[in-house]
Amino acid sequence: MQDYREFLDEVIISEEALQKRISELGAEISRDYLGRKLHMICILRGGILFLADLMRRISVPNTIDFMAVSSYGAGARRSTGQVRITLDLQEDIRSRDVLLVEDIVDSGFTIATVLEFLQTRHPSSLRVCTLLDKVERREIAVPIDYHGFVIPDKFVFGYGLDIDELYRNLPFIGTVNPAKYHPPE
Ligand code: IMP
Ligand code: MG
């Protein structure tokens, strides 16, 4: 596996900046849901680091569940618009206050598909919290209630986001220099 320093173009969001913004988001969400129970749904796998840090900053009673979708073909770097649900929730969301927690909204196809799917199960409310928002790349309008950072149209990695399934564990968000990155064998 290549050392990330070989292809890192720039750290665009440091570990400190991520943690500071996540605690602000946690405080904001806690105020908005005061007196209610929050059910957070994380989309695997990219959202897990964000969920784990965000939930520690939330002071209202909360529960979590997971789902998975596949949007990219193998080796592809953008959504095709053909988003499939590959892992369903464990629990019923009817009449619950649901917050969808995502790592990044890019074209918007993933979130749009997931929202449509969740709406059919009649939650009492449904909101979206994404850590990163690539606004420039949006191809379908999606409602975003909470976002951490708006980022430029560059491929990013770290803090849950992968390149070919690797590098999710890095504590910061970096951009890739494609000329220097070599996919694993
Ligand atoms: P969308 O359906 O185009 O909005 O894409 C959303 C999904 O694509 C995210 O949940 C990520 O898994 C993935 N994705 C989009 N941009 C990036 C990136 O820059 N790095 C890593 N994954 C990304
Ligand atoms: Mg994702």
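Each ligand, and each atom within it, is numbered from 1 in the order the structure gives.
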So, 4.0 Å and heavy atoms of [X]: is ligand 1 close enough to count as a contact?
X	answer
Lys134	yes
Gly108	yes
Val142	no
Phe155	yes

Element-labelled atoms of ligand 1 that are located less than 4.0 Å from some non-hydrogen atom of [X]:
X	result
Asp162	21 (C)
Glu102	10 (O)
Thr110	1 (P), 2 (O), 5 (O), 6 (C)

Shortest heavy-atom approach to atom 3 (O) of ligand 1 - which of Ala112, Gly47, Ser107, Gly158: Ser107
Among Asp106, Asp133, Ile151, Val156, closest by any non-hydrogen atom to atom 4 (O) of ligand 1: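 Looking at heavy atoms only, Asp106 sits closest to atom 4 (O) of ligand 1.
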Side-chain donor/acceptor of Arg121 to backbone N/O of Phe117, under 3.5 Å: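 Side chain of Arg121 to backbone of Phe117, a donor-acceptor pair under 3.5 Å: no, none is there.
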Under 3.5 Å donor-acceptor, Arg21 side chain and Gly148 backbone: yes
Asp103 and ligand 1 - part of the residue with a heavy-atom distance under 4.0 Å: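 Answer for Asp103: side chain.
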Test of ring centre spacing under 6.0 Å for Tyr167 and Phe7: yes
Lys/Arg-Asp/Glu bridge criterion (N-O < 4.0 Å) met for Glu16, Lys20: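 Salt bridge absent between Glu16 and Lys20.
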Within-4.5 Å side-chain heavy-atom neighbours: Ile43 and Val69: yes
Glu28: side-chain hydrogen bond (donor to acceptor under 3.5 Å, both in side chains) partners, not counting sequence neighbours: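 Glu28: no side-chain hydrogen bond (donor to acceptor under 3.5 Å, both in side chains) contacts found.
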All side-chain hydrogen bond (donor to acceptor under 3.5 Å, both in side chains) counterparts of Gln19, not counting sequence neighbours: Asp53
